[in-house]
Amino acid sequence: MSGAAHGPVGGPPVPDDVDRRQADLPPVARLATVTLILVVVGGVYLAATVNRSASLTPALVLAVAAALVLVVNVILLARIREFAWGTFRQVAGWALLAYLVIAGILEFVFVYDHTPGHELALFTAMLVLFAVDVPLLLAFSVARYQPVRPSGDAAPASAAP
Amino acid sequence: MTDTTVEVPTAPPEDDASPPPAGGGPPPVPEFSIVPVRGLPIVAALLVGLVVAIASNNLWALTFFHVGGGGLWTSIDLFLGLIIGPILGRLSIPARIEFTTRFMPKMVLIMPTLVAMTLGAGFQLARHVGNLDAAYPHHGWLVASYVIVGVMAVIALGLLEPANLAVLFELKKPRPNGERIGRLMKVFIYTAGITGILQIATIVIMTFLASR
């Protein structure tokens, strides 16, 4: 399946099955990036208004919008039939671990600094969205280029860290 | 950065000094690990140090993690985008593959660690020295740095890291797709260069704030 990737030496590249499948995939990467942008904008707004009596409504709207886009994205992702789910799970699992650690450290900073309740709740929501969205984006970006075997999986045997 | 061409294994460039692989097939890909396990203890030690620095509110430790992490983050991005990228584009195809398989796994560990160090220590440092107070006169500059970091985060997490991982998994295939690797490596190198340039803006702001 993956053997048709190379044209003759010196010739143009030949698209393989994986390339041909790209057009059928939903815009998971783009939606994940939208979620990331909403979370980052919300995080910047919150960080910019720390210790200031600013309204939290913009951050709340951004967090809700980010959550909605993420939910839609997960639904679209779950509806893909032919996909390298094994690879997806492998990358998502490790990335989730890594980004939970990063989000945990940032959450620790906010808790340690006695961030007020409503701000802390919004920061936490943003961090949760961040910690779920980035692994989803990374895992999809890898799995989309992996061949799909009849069993529904295509994880390379030696790809484990 | 304009000459960063990294079409990896489809066709050798005209000035390619190395012989093509036997049989005209794709160049051999060395065995490699996507996540270099030996580096994990170093990452863990740095993150524990970061947590201790935050918990102790030690000014030197916070400055160390923020300035050290930010300096390395900036340097690596600029070096990668402006120096390594163009060089990589001129290497022979086997050399590019060998470089990529040895270099990219390290980036999987290094960059997220540096980002966590810089941002975590930076926020705490700003709070510790009073930069987050309502009365801080240069708050606008601080917000500008947040915006730049936000843009960098979107570029790094939305484009750079996915490209990095996708290249590594492509190289793990029995017959990697050279055109795809070249396309993804371009994304990686260009986005690293863009974030490096944005980092210069951050340095301008940070040195301005530190000198007030």
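Numbered from 1 within each chain, the chains take letters A, B, ... in sequence-line order. Values in this document were obtained by computation on a predicted structure and should not be read as measured data. The figures here come from the full heavy-atom set of this structure, side chains too, leaving out hydrogens, waters and symmetry mates.
In this structure, CG in Leu165(B) is found 12.0 Å from OG1 in Thr87(A), a value given to the nearest 0.5 Å. Distance CD1/Ile155(B) to CG/Leu36(A): 11.0 Å, rounded to 0.5 Å. Within the model, atoms OG of Ser141(A) and CG of Leu159(B) stand 9.0 Å from one another, a figure rounded to the nearest 0.5 Å. The distance from the CD1 atom of Ile54(B) to the CG atom of Asp113(A) is 8.5 Å, given to the nearest 0.5 Å. Atoms CG and CD1, from Leu47(B) and Ile105(A) in turn, are 4.5 Å apart once rounded to the nearest 0.5 Å.
A 4.5 Å side-chain heavy-atom check between Phe123(B) and Leu106(A) finds every atom pair outside the cut-off. When side chains are defined from C-beta on, Arg127(B) does not count as touching Tyr112(A), because their heavy atoms never get closer than 4.5 Å. For the pair Tyr99(A)/Leu157(B), a side-chain contact is recorded, criterion being any heavy-atom separation below 4.5 Å from C-beta on. A heavy-atom distance below 4.5 Å is found between the side chains of Tyr145(A) and Leu184(B). The closest side-chain heavy-atom distance from Pro162(B) to Leu137(A) is below 4.5 Å.
For Leu40(B), no part lies near chain A; criterion is any non-hydrogen pair under 4.5 Å. Looking at Leu142(B), neither its backbone nor its side chain comes within 4.5 Å of chain A, counting heavy atoms on both sides. Contact annotation for Val91(A): only side-chain heavy atoms (C-beta onward) come within less than 4.5 Å of a heavy atom of chain B. Leu168(B) does not touch chain A: none of its heavy atoms, backbone or side chain, sits under 4.5 Å away. For a residue to count as touching a neighbouring chain, one of its non-hydrogen atoms must lie under 4.5 Å from one of that chain's; by this rule Tyr45(A) does not touch chain B. Of the atoms belonging to Ala32(A), not a single heavy atom falls under 4.5 Å from chain B. Residue contact with chain A, scored on non-hydrogen atoms closer than 4.5 Å, is absent for Ala126(B). Looking at Val101(A), the atoms closer than 4.5 Å to chain B (heavy atoms on both sides) all sit in the side chain, from C-beta outward. The parts of Val44(A) that come within reach of chain B are both its backbone and its side chain, each placing non-hydrogen atoms under 4.5 angstrom from that chain.
Nearest heavy atoms, Val142(A) versus Ala166(B): CG2-N, 3.8 Å. For Val109(A) against Gly120(B), the heavy-atom pair with the smallest separation is CG2-O, 4.1 Å. Taking every heavy atom of both residues into account, Gln146(A) and Glu170(B) meet most closely at NE2-N, 4.3 Å.
Other residues, nucleotides and ligands contribute over 12 non-hydrogen atoms within 6.0 Å of the CZ atom of Phe108(A). Annotation: His118(A), atom NE2; neighbour count of heavy atoms from other residues, nucleotides and ligands within 6.0 Å does not exceed 12. Counting non-hydrogen atoms of other residues, nucleotides and ligands closer than 6.0 Å to CD1 of Ile42(B) gives a total of 12 or fewer.
With chain A as partner, the option from Val143(B), Val167(B), Val154(B) having the largest number of non-hydrogen pairs under 4.5 angstrom is Val154(B).
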